[in-house]
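Reviewing the structure listed below.
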Amino acid sequence: MFAMRNVRKRYGDRWALSGFDLDVEDGQTVVVMGPSGCGKSTALRCMVRLIEPDSGSILWRGRSVLDMSNDELRAYRRRVGFVFQRSNLLSRLNVLENTMLPGTMAGRTTVEARRRAHDALERVGIAHLASARPQDLSGGEMQRAAIARAIAQDPELLLWDEPTASLDPILVVDVLRLIESLARSLRCTMVIVTHEVPFALHVADKVVLVSGGEAIDEGRPEDVLLTPASELARQYSKSLSYFTGNQEEKAASL
Ligand SMILES: Nc1ncnc2c1ncn2[C@@H]1O[C@H](COP(=O)(O)OP(=O)(O)OP(=O)(O)O)[C@@H](O)[C@H]1O
Ligand SMILES: [Mg+2]
């Protein structure tokens, strides 16, 4: 239902994406992993044309995203939710108003946008913070508010760019649990950029490893990460055995 084919994006003389391919089926949860600077955020932003690729094709339900008119692009983006590494909530609006914003911008009535926003805040467990300002929230609460804003419009495609990267380890687990429960309860398709190997093993239908601006390895998480075929997969696999293996495996992972 969603596909990227040979997508390329260059900054100056550096290729951020050098022929990126991705296939995501309806309802699938796909985890994208790879070292810093390999092009993960660029790929995610290209999916909704927050960044315009130089070439390649992006298909959503058979439609070419790169050929959409402004109106078509707006309609497409309304069906996509985005959660960034750091929640970019507006400080002059409270949590409820922030969560309502995509709904009102999509032309919903205030009553309907508020109802959806409230439901979303309940879902992520912070309905009691509806009237708080983002700057008065903890990091975890702020990220929950950003998640509520992304799910309030019942997105068909939900994109996550390292949603736990700015959180302390306790909050990381907290937010990963929330993402897992959303992955299981929402009917939407998810693409999640994260470095959390156990999470990928536990939640992903498919893992895609990225290096140097292209997808170099992909498959079921247990195949990619537990019987690694690429050097990058071996590194992720080693990082896992450092935490979960016996003494011998731990020593081998160092
Ligand atoms: N606006 C920009 N101008 C110039 N170079 C950029 C820009 N955005 C990204 N890049 C470069 O493109 C490459 C890919 O960046 P990107 O942010 O997609 O990587 P990433 O995989 O998301 O990394 P990280 O894990 O650190 O978030 C990097 O080399 C980066 O320096
Ligand atoms: Mg990034």
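Order of appearance sets the numbers: ligands from 1, and atoms from 1 within every ligand.
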Is the side chain of Thr99 donor-acceptor paired with the backbone N or O of Val95 at a distance under 3.5 Å, no angle test? yes
Salt-bridge criterion met for Arg61 and Asp26 (N-O under 4.0 Å): yes
Side-chain ion pair, Asp71 and Arg74, N-O less than 4.0 Å: yes
Under a 4.0 Å N-O cut-off, is there an ion pair linking Glu72 with Arg63? yes
Report, as a single number, the protein N, O or S atoms less than 2.8 Å from the Mg ion (ligand 2). 1
Test applied, side chain to side chain contact (heavy atoms under 4.5 Å, CB included); reference residue, Pro102; option that passes from Arg77, Arg78, Arg116, Gln153: Gln153
Check whether any side-chain N or O of Arg10 sits under 3.5 Å from a backbone N or O of Ala16 as a donor-acceptor pair, and report yes or no. no
Can you pull the residues with any heavy atom under 4.0 Å from ligand 1? Tyr11, Arg14, Ala16, Pro35, Ser36, Gly37, Cys38, Gly39, Lys40, Ser41, Thr42, Glu162
Decide whether a cation-pi geometry holds between Lys238 and Tyr236; the criteria are a distance under 6.0 Å from NZ or CZ to the six-membered ring centre and an angle within 45° of the ring axis. no
Are Glu180 and Arg177 ion-paired here, with the side-chain N under 4.0 Å from a carboxylate O? no
Would you call Glu112-Arg115 a salt bridge at under 4.0 Å N-O? yes
